[in-house]
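Scroll down for the structure; my scribbles are underneath it.
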Number of protein chains: 2
Amino acid sequence: MKKKKTLTIHDLARELNYSASTISRALKNHKSISKKTTQLIQKAAKEQGYRPNSIAASLRKNKSKTIGVLVPKISRPFGSNLISGIETEARKKGFNVIISQSNDSITNEIANSKALFDSRVGGIIASLSMETQNTDHFNQFVDQDIPVVFVDRVPKDFPSYHVIIDNYTAAYRATEHLIEQGCKRIAHFAGSQHINVYSERRRGYVDALKKYNLPVDEELIIYMNSLSFEEGQQYTEVLYNLASPPDGIFSSNDTAAVSAIIYLKKSGYKIPEDVAIIGFNDDPISSIVEPPLSTVYHPAQKMGELSTRRILEHSVNEGTEIAKEISVMDTHLILRASSLRKSTHID
Amino acid sequence: MKKKKTLTIHDLARELNYSASTISRALKNHKSISKKTTQLIQKAAKEQGYRPNSIAASLRKNKSKTIGVLVPKISRPFGSNLISGIETEARKKGFNVIISQSNDSITNEIANSKALFDSRVGGIIASLSMETQNTDHFNQFVDQDIPVVFVDRVPKDFPSYHVIIDNYTAAYRATEHLIEQGCKRIAHFAGSQHINVYSERRRGYVDALKKYNLPVDEELIIYMNSLSFEEGQQYTEVLYNLASPPDGIFSSNDTAAVSAIIYLKKSGYKIPEDVAIIGFNDDPISSIVEPPLSTVYHPAQKMGELSTRRILEHSVNEGTEIAKEISVMDTHLILRASSLRKSTHID
DNA sequence: ACTTTTTACGCAACCGATTGCGTTATTTTT
DNA sequence: AAAAATAACGCAATCGGTTGCGTAAAAAGT
């Protein structure tokens with residue numbers, strides 16, 4: 001099994017009696033090379049299956065056509081849809097995508113950021129881990145003029161692009177919807193409050209209650225660590241052992257919302273009559289659970305595409321000053337049976 | 001915003017009065033450098049935040065610590081779990097993971113394989129697109145002694161590692177289970193038959209029927225293109241407009257199985273009493289649908305981890321002859337309410 | 001005390017493409 | 001016809017580590 005040597009521009013140069021520079025330029029359609037020569041070289045390259053070594057090009061140009069991605073978990077719908085969007089947009093422009101996941105650990109996030117830096121990515125797209133409070137490990141990129149785009153879970157202050165949704169308004173609308181459906185005591189499944197998305201969702205929830213003159217009862221705000229299925233079940237039980245349990249739940253994600261639906265049905269509650277529920281994200285399970293879960297559409301894939309475009313723009317306008325620039329993407333409520341009470345239709 | 005220059009070993013060399021070779025060796029704990037010098041250099045490197053340029057190393061060594069991944073769709077549970085497993089295992093060993101998705105198009109698959117080759121990946125893990133019948137585009141890797149691992153959807157003949165499950169036996173067991181539950185007319189949702197996983201599942205289904213002396217009725221075998229939710233609904237309708245509709249369905253994936261459940265419930269059928277259903281994959285929706293879907297556990301994450309280990313082994317034992325070597329991973333039935341008839345318990 | 005080995009490092013080529021600058025040969029301009 | 005401009009290409013340095021080979025000094029062996 002002898003390794004066939006890969007063809008280089010030098011091999012082509014020797015064979016065609018041109019210099020390596022001419023080969024290189026011809027392959028890039030550089031204008032200083034005559035049409036005839038260019039065609040001849042490109043033909044030969046193609047026939048012999050020449051494949052450029054992008055490692056060499058990256059080294060020379062001191063930057064690679066690669067985008068580094070740093071997300072909490074790839075296997076969650078948000079993570080995989082985000083990455084799918086990034087991949088789609090990146091590949092269109094000939095960029096590769098290197099992925100990494102922090103598993104919501106700051107230690108991993110730091111280690112991964114170093115690995116991505118070492119491979120000299122041309123840009124980085126990151127969604128912060130649950131544990132991340134300090135973002136110094138992203139400074140190395142800024143120092144090198146490598147564009148950083150934070151998406152969804154973003155830091156408070158960092159001079160870079162942000163691609164987010166309006167969590168506050170979405171949460172406000174979701175809560176308002178439950179109120180319109182007649183809910184008087186609405187619980188909220190909240191996440192860690194140092195993460196922007198969860199604190200904003202809580203804020204929207206609280207403000208909606210206030211707006212409609214409903215009391216804000218801290219007893220009804222459940223702070224979860226991971227908003228997992230198990231946590232959802234566990235805290236739903238707690239909630240419905242209260243003296244006066246809630247008649248509505250706004251959950252910060254679909255997983256916990258679905259687990260609440262399943263738990264409550266088993267306990268004999270009617271959804272949405274006894275308890276109206278709305279989630280967040282529009283994960284696949286939300287349309288499968290019975291009754292189907294109302295939720296907030298989360299444009300993960302599109303956020304990935306836009307984040308990538310931000311990186312590529314910067315890559316073109318080399319040296320553009322990086323400043324904080326925020327793109328807010330649209331979301332909307334997806335109303336399904338878990339929150340739509342018949343009475344509404346009768347009204 | 002002037003770009004800080006990145007520190008190189010040459011900078012360190014100048015500053016510490018050593019040659020670049022010594023710096024390089026010291027950082028790698030090469031034995032030919034004295035302990036004292038090694039410590040001194042490592043200390044200085046750390047203090048000044050030296051970060052190796054892995055692009056340069058890759059060029060020189062003519063191979064990168066990078067694994068290329070080629071899957072049909074990242075956003076499907078199988079794709080994202082596979083990638084998650086790959087990422088986890090690769091990062092442990094300091095390898096990066098470059099991803100790409102074919103969206104089940106052979107054209108994309110070929111283009112992506114070229115892109116991965118151009119970036120000189122150290123190995124490649126691929127799951128074939130629906131359209132792939134010819135795998136010549138993977139020869140370039142073999143020619144360069146770059147290890148290729150095919151996973152799940154694999155070609156018939158290709159001298160490389162394969163990581164698969166025993167689709168035949170899993171399908172046989174799933175069908176057998178339906179028969180044990182009393183089904184006499186079992187339909188099968190099949191995928192494209194040139195893809196190993198789908199033809200094997202069909203084969204297992206057919207052999208189980210034969211084994212139990214049930215007739216194989218081609219009318220009950222539905223060949224779908226994508227096994228999507230929509231296709232599932234569409235063909236379930238066809239199936240239940242037959243003169244004598246089936247009393248059981250073995251679907252090649254969960255998505256179509258779930259769509260059948262939903263369609264059939266809406267049409268007034270009882271699951272599993274009228275129709276017992278079993279799917280394949282154990283996607284999250286399968287445990288959420290009502291009744292919960294029986295299915296075949298598919299170890300996507302573990303398959304990713306094992307595939308990665310195969311690549312890394314080869315990377316260590318440089319020049320190992322690449323031969324066809326197949327790893328078959330365990331699966332098992334997950335039995336839930338969609339297929340468990342009460343009568344069984346009464347027997 | 002002299003030879004052999006080992007230790008500790010430096011030299012310089014190399015990986016493959018890119019690019020600023022320079023050099024002819026050919027055209028165009030005046 | 002001489003000067004200027006342009007076209008078409010080559011030279012050689014460069015990107016940042018890596019590594020085979022060479023060498024001087026120190027240690028070990030006889």
Side-chain angles (χ1 to χ4, degrees), chain A residues 3-42 45 48-66 94 117-122 144 146 318, chain B residues 3-42 45 48-66 94 117-122 144 146 318:
Chain A
K3 204 190 279 208
K4 284 187 209 159
K5 215 208 160 272
T6 22
L7 211 56
T8 73
I9 54 171
H10 297 96
D11 299 327
L12 286 174
R14 205 173 311 118
E15 180 187 330
L16 303 176
N17 276 320
Y18 281 107
S19 73
S21 353
T22 299
I23 306 287
S24 172
R25 291 185 172 113
L27 292 173
K28 289 257 146 58
N29 288 310
H30 193 286
K31 61 180 183 307
S32 77
I33 306 298
S34 74
K35 295 233 179 312
K36 205 197 306 175
T37 309
T38 297
Q39 285 178 7
L40 187 145
I41 290 176
Q42 292 189 352
Q48 305 188 33
Y50 167 77
R51 297 268 78 212
N53 184 325
S54 47
I55 302 252
S58 297
L59 176 60
R60 174 57 225 257
K61 297 197 285 195
N62 214 352
K63 62 171 183 172
S64 69
K65 295 185 77 172
T66 299
F117 182 84
D118 292 354
S119 53
R120 301 297 190 266
V121 293
Q144 297 299 320
I146 297 171
E318 196 69 44
Chain B
K3 209 192 274 212
K4 284 187 207 159
K5 215 206 159 272
T6 23
L7 208 57
T8 72
I9 54 171
H10 297 96
D11 299 326
L12 285 173
R14 205 174 310 116
E15 178 189 329
L16 303 176
N17 275 320
Y18 280 108
S19 73
S21 353
T22 299
I23 306 287
S24 173
R25 292 186 172 114
L27 292 173
K28 289 257 147 59
N29 288 309
H30 194 286
K31 60 183 184 306
S32 78
I33 307 298
S34 73
K35 294 235 179 311
K36 206 198 305 175
T37 309
T38 298
Q39 286 179 6
L40 186 145
I41 291 177
Q42 291 190 353
Q48 305 187 34
Y50 167 77
R51 297 267 78 213
N53 184 324
S54 47
I55 304 252
S58 297
L59 175 59
R60 173 59 224 253
K61 296 196 286 194
N62 213 354
K63 62 170 184 175
S64 68
K65 295 184 77 170
T66 298
F117 183 84
D118 292 354
S119 53
R120 300 297 189 268
V121 293
Q144 296 300 320
I146 296 171
E318 197 69 46

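Just so it is clear: chains get the letters A, B, ... in the order the sequence lines come, proteins before strands, and each one is counted from 1. All of these numbers come straight from a predicted model, not from anything done at the bench.
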Would you be so kind as to tabulate the donor-acceptor pairs closer than 3.5 Å made by side chains of residues 23-31 of chain B, with sequence neighbours excluded?
unit_1	atom_1	unit_2	atom_2	d
B:Asn29	OD1	B:Gln42	NE2	2.9
B:His30	ND1	B:Ser32	N	3.1
B:His30	ND1	B:Ser32	OG	3.1

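Nucleotide C:dA17 holds its P atom 13 Å from the CD1 atom of A:Ile41, rounded to whole Å. Spacing between atom CD of A:Gln144 and atom P of D:dC15 amounts to 14 Å, rounded to whole angstrom units. The separation between A:Leu12 atom CG and C:dG16 atom P is 12 Å, rounded to whole Å. Going from atom NZ of A:Lys61 over to atom P of C:dG16 covers 17 Å, rounded to whole Å. One atom, NE2 of A:His10, and another, C1' of C:dG16, lie 6 Å apart when rounded to the nearest Å. Per the geometry, CZ belonging to B:Arg60 stands 8 Å off C1' belonging to C:dA13, to the nearest Å. Atom CZ in B:Arg51 sits about 11 Å away from atom P in D:dG17, given to the nearest Å. Here D:dG17 presents its P atom at 9 Å from CG of B:Leu27, a figure rounded to the nearest Å.
Here the shortest heavy-atom pairing between B:Ser54 and A:Ser119 reads OG-CA, 3.2 Å. Residues B:Ser19 and B:Ala13 share a closest heavy-atom pair of C-CB, 3.8 Å.
Listed by chain and number, the residues in a salt bridge (Lys or Arg N to Asp or Glu O under 4.0 Å) with B:Arg14 are B:Asp11 (sequence neighbours excluded). For the side chain to side chain contact (heavy atoms under 4.5 Å, CB included) test, residues two or more places apart in sequence or in another chain that qualify with A:Thr37 are A:Tyr18, A:Thr22, A:Ile33, A:Ser34, A:Ile41. With sequence neighbours excluded, the residues that form a salt bridge (Lys or Arg N to Asp or Glu O under 4.0 Å) with B:Arg51 are A:Asp118.
Here A:Arg120 contributes atom CZ and A:Leu59 contributes atom CG; the two are 10.0 Å apart, rounded to the nearest 0.5 Å. With values rounded to the nearest 0.5 angstrom, A:Asn62 atom CG is found 8.5 Å from A:Gln144 atom CD.
Between A:Leu16 and A:Leu40 there is a side-chain heavy-atom pair separated by less than 4.5 Å.
Side-chain nitrogen and oxygen atoms of A:Tyr50 include at least one within less than 4.0 Å of the OP1 or OP2 phosphate oxygen of C:dA17. Between B:Asn53 and D:dC15 there is no side-chain polar atom (N or O) within less than 4.0 angstrom of OP1 or OP2.
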All N/O contacts under 3.5 Å from nucleotides 8-12 of chain C to the protein, with atom names and distances to one decimal?
unit_1	atom_1	unit_2	atom_2	d
C:dC9	OP1	B:Thr37	OG1	2.8
C:dC9	OP2	B:Ser34	N	2.9
C:dC9	OP2	B:Ser34	OG	3.0
C:dC9	OP2	B:Thr37	OG1	3.0
C:dG10	OP1	B:Ser19	N	3.2
C:dG10	OP2	B:Ser19	N	2.9
C:dG10	OP2	B:Ser19	OG	2.8
C:dG10	OP2	B:Thr22	OG1	2.2
C:dG10	O6	B:Arg25	NH1	3.1
C:dC11	N4	B:Ser21	OG	2.9
C:dA12	N6	B:Ser21	OG	3.4

What's touching nucleotides 4-6 of chain D from the protein side, N or O pairs under 3.5 Å?
none

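As judged by a 4.0 angstrom heavy-atom cut-off over every strand, A:Thr8 is placed among residues touching the sugar-phosphate backbone only.
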